[in-house]
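Everything on this sheet refers to the single structure shown next.
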2 protein chains.
Amino acid sequence: MSDRSQFRAVGLKTTLPRLKVMEILENSGERHMTAEDVYKEMLNLKEEIGLGTVYRVLNQFEQAGLVERNNFESGSSVFEIKSDSHHDHLVCMKCGVVEEFFDPSIEAQQEKVAKMAGFQIAGHSLSIYGFCSDCQE
Amino acid sequence: MSDRSQFRAVGLKTTLPRLKVMEILENSGERHMTAEDVYKEMLNLKEEIGLGTVYRVLNQFEQAGLVERNNFESGSSVFEIKSDSHHDHLVCMKCGVVEEFFDPSIEAQQEKVAKMAGFQIAGHSLSIYGFCSDCQE
DNA sequence: ATCATAATGATAATCATTATCATCACCATT
DNA sequence: AATGGTGATGATAATGATTATCATTATGAT
Ligand SMILES: [Mn+2]
Ligand SMILES: [Mn+2]
Ligand SMILES: [Zn+2]
Ligand SMILES: [Zn+2]
């Protein structure tokens with residue numbers, strides 16, 4: 001479906017800033033961008049936008065379930081288009097590259113752990129920090 | 001060993017602020033405190049200290065391996081005395097209670113995932129968010 | 001085309017945290 | 001025990017990320 005109809009579906013007006021932010025998230029090589037990243041890319045593309053609008057729009061997209069926020073220990077949130085399938089992350093502490101993975105047995109064990117503790121799971125965040133193959137030694 | 005000798009072992013002078021911060025981390029019921037939490041508790045106990053000093057000292061303790069920092073998605077870091085054994089966390093999204101767990105099979109799977117991706121693991125952060133047994137319905 | 005309403009952007013404000021720096025306290029040495 | 005060099009402290013200002021405000025503007029239903 002088009003961004004236009006996506007927006008309509010979640011009750012957000014179709015505006016140029018929203019279209020542009022979504023377009024950047026979809027087309028930029030980076031799958032995990034900070035608000036600042038999006039803003040700078042916007043300027044690159046000669047688009048006018050306020051940084052505050054980028055933050056506001058990203059929050060709305062998150063609320064609406066269109067994007068996902070992740071907090072790697074970098075000080076600022078990163079956003080990515082929300083896909084139908086869940087995944088967790090491997091983060092390189094040198095070059096910053098982020099790899100995604102999904103491990104069914106880890107997911108299953110989390111359920112068990114939560115049940116054991118009497119917790120009703122709403123979500124989880126698993127980030128493995130280390131050095132990617134290009135950044136060792 | 002005493003805090004005094006712990007400090008000496010990592011090259012930190014034994015000062016009143018450091019002793020007090022460590023004491024609060026050891027004796028407060030809360031196992032996961034923000035810098036602000038520590039600061040307020042300090043004031044409760046009628047101790048003079050600057051908030052900046054709390055931040056500084058907590059960072060030094062972290063650097064020295066005496067305390068551990070965790071970033072639950074709350075906006076501010078929480079600190080706890082570093083224990084010899086690693087653990088991960090279950091965080092209640094309503095009352096904020098934090099439970100700790102250790103699951104060997106999850107730990108082992110993480111190693112496999114990292115190996116598969118060519119990553120050399122340095123650490124990881126797993127937080128399960130949900131509702132504790134007291135906060136459901 | 002009109003118009004109520006939602007959205008934008010410039011700006012100020014907030015929040016957590018860190019940097020500065022003059023003063024002070026710890027502790028090895030005398 | 002007194003001294004002195006160096007590390008530590010606390011008041012304050014600064015920073016970085018993010019959010020709030022609000023007058024102006026754009027959207028979309030009519
Ligand atoms: Mn991802
Ligand atoms: Mn813990
Ligand atoms: Zn790397
Ligand atoms: Zn609870």
Side-chain angles (χ1 to χ4, degrees), chain A residues 2-24 32-43 45-64 66-79 96, chain B residues 2-24 32-43 45-64 66-79 96:
Chain A
S2 68
D3 291 340
R4 193 168 201 92
S5 55
Q6 267 198 306
F7 293 162
R8 195 164 31 230
V10 298
L12 294 172
K13 279 188 182 172
T14 300
T15 64
L16 211 56
R18 286 187 182 136
L19 286 169
K20 281 299 170 189
V21 168
M22 190 55 82
E23 188 184 318
I24 286 175
H32 304 87
M33 305 179 81
T34 65
E36 191 78 33
D37 288 340
V38 172
Y39 178 64
K40 281 180 188 151
E41 181 62 9
M42 200 74 80
L43 298 187
L45 302 177
K46 307 277 184 275
E47 296 292 337
E48 307 255 313
I49 197 171
L51 178 56
T53 301
V54 175
Y55 275 105
R56 198 186 318 114
V57 165
L58 285 173
N59 277 331
Q60 292 163 337
F61 286 176
E62 185 192 16
Q63 233 94 290
L66 303 181
V67 312
E68 225 163 7
R69 176 200 306 266
N70 274 100
N71 292 298
F72 305 140
E73 331 208 312
S74 60
S76 43
S77 298
V78 296
F79 299 85
Chain B
S2 68
D3 291 339
R4 193 169 202 90
S5 55
Q6 266 198 307
F7 293 161
R8 195 163 33 233
V10 298
L12 294 173
K13 279 189 183 172
T14 300
T15 65
L16 211 55
R18 286 186 182 139
L19 286 169
K20 282 299 171 188
V21 168
M22 190 54 84
E23 189 184 317
I24 285 175
H32 304 87
M33 305 179 81
T34 65
E36 192 78 32
D37 288 339
V38 172
Y39 178 64
K40 282 180 187 151
E41 180 64 9
M42 200 73 80
L43 298 186
L45 303 176
K46 307 275 185 278
E47 296 290 338
E48 307 255 314
I49 198 171
L51 178 54
T53 302
V54 175
Y55 275 104
R56 198 188 313 116
V57 165
L58 285 173
N59 278 331
Q60 292 163 337
F61 285 177
E62 186 193 15
Q63 233 94 290
L66 303 181
V67 312
E68 223 162 9
R69 176 199 304 263
N70 273 100
N71 292 300
F72 306 140
E73 336 209 305
S74 60
S76 45
S77 298
V78 296
F79 299 85

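Sequence lines set the chain letters: A, B, ... in the order given, protein chains first and strands last, and positions in each chain run from 1.
Atom NZ in B:Lys13 sits roughly 10 Å away from atom C1' in C:dA28 (whole-Å rounding). In this structure, A:Leu51 places its CG atom 11 Å from C1' of C:dG9, rounding to the nearest Å. Between the CG atom of B:Leu12 and the P atom of C:dC27 there is a distance of 11 Å, rounded to whole Å.
Judged by closest nucleotide on DNA chain C, B:Ala35 is the one of B:Ala35 and B:Arg8 placed further toward the 5' end. Comparing A:Val54 and B:Asn59 along DNA chain C, the residue whose closest nucleotide (by nearest heavy atom) sits nearer the 5' end is A:Val54. Across the interface with DNA chain D, nearest-nucleotide mapping of A:Leu16 and B:Ile49 shows B:Ile49 to be the residue nearer the 5′ end.
Two residues are said to be in side-chain contact when any heavy atoms from C-beta on lie closer than 4.5 Å; A:Gln6 and A:Asp3 meet this criterion. Using a 4.5 Å heavy-atom threshold, the side chains of B:Leu19 and B:Phe7 count as touching. Under the 4.5 Å side-chain criterion, counting only non-hydrogen atoms from C-beta, A:Gln60 is in contact with A:Arg18.
Under the side-chain contact (heavy atoms from CB on, under 4.5 Å) rule, B:Val57 has a single partner from B:Leu12, B:Val21, B:Val67, which is B:Val21. The one candidate from B:Val54, B:Thr53, B:Asn59 that meets the side-chain contact (heavy atoms from CB on, under 4.5 Å) condition with B:Arg56 is B:Thr53.
Each end of the helix from C:dA1-D:dT30 to C:dT30-D:dA1 gets its own axis from five base pairs, and the two axes differ in direction by 30°, given to 10 degrees.
Note on A:Ser76: only backbone sugar-phosphate atoms sit closer than 4.0 angstrom, heavy atoms only; bases stay farther off. A:Glu36 comes within contact range of no nucleotide atom at all, as no heavy-atom separation falls under 4.0 Å. Contacts of A:Thr15 with the nucleic acid, taken as non-hydrogen atoms under 4.0 Å apart, involve only primed sugar atoms and P, OP1 or OP2. Within 4.0 Å (heavy atoms only), B:Arg4 reaches sugar-phosphate atoms of the nucleic acid but no base atom. Within the 4.0 angstrom heavy-atom criterion, only backbone atoms of the sugar-phosphate kind lie near B:Thr14; the bases stay farther away. Within the nucleic acid shown, B:Thr34 has no heavy atom closer than 4.0 Å to any nucleic acid atom. Here A:Arg18 lies in heavy-atom contact (under 4.0 Å) with sugar-phosphate atoms only. Nucleic acid contact class of B:Arg69 (heavy atoms, under 4.0 Å, all strands): none.
Along DNA chain D, read 5' to 3', the first and last nucleotides having any atom under 4.0 Å from a heavy atom of chain A are D:dA17 to D:dG28.
Although no hydrogens or angles enter the test, the distance criterion places no donor-acceptor pair under 3.5 Å between the side chain of B:Arg4 and the main chain of B:Thr14.
Atom CE of B:Met33 and atom CG of B:Leu58 lie 9.5 Å apart (nearest 0.5 Å). Atoms OH and OG1, from A:Tyr55 and A:Thr34 in turn, are 7.0 Å apart once rounded to the nearest 0.5 Å. Here the straight-line distance linking atom CD1 of A:Ile24 with atom CZ of A:Phe79 works out to 14.0 Å at 0.5 Å rounding.
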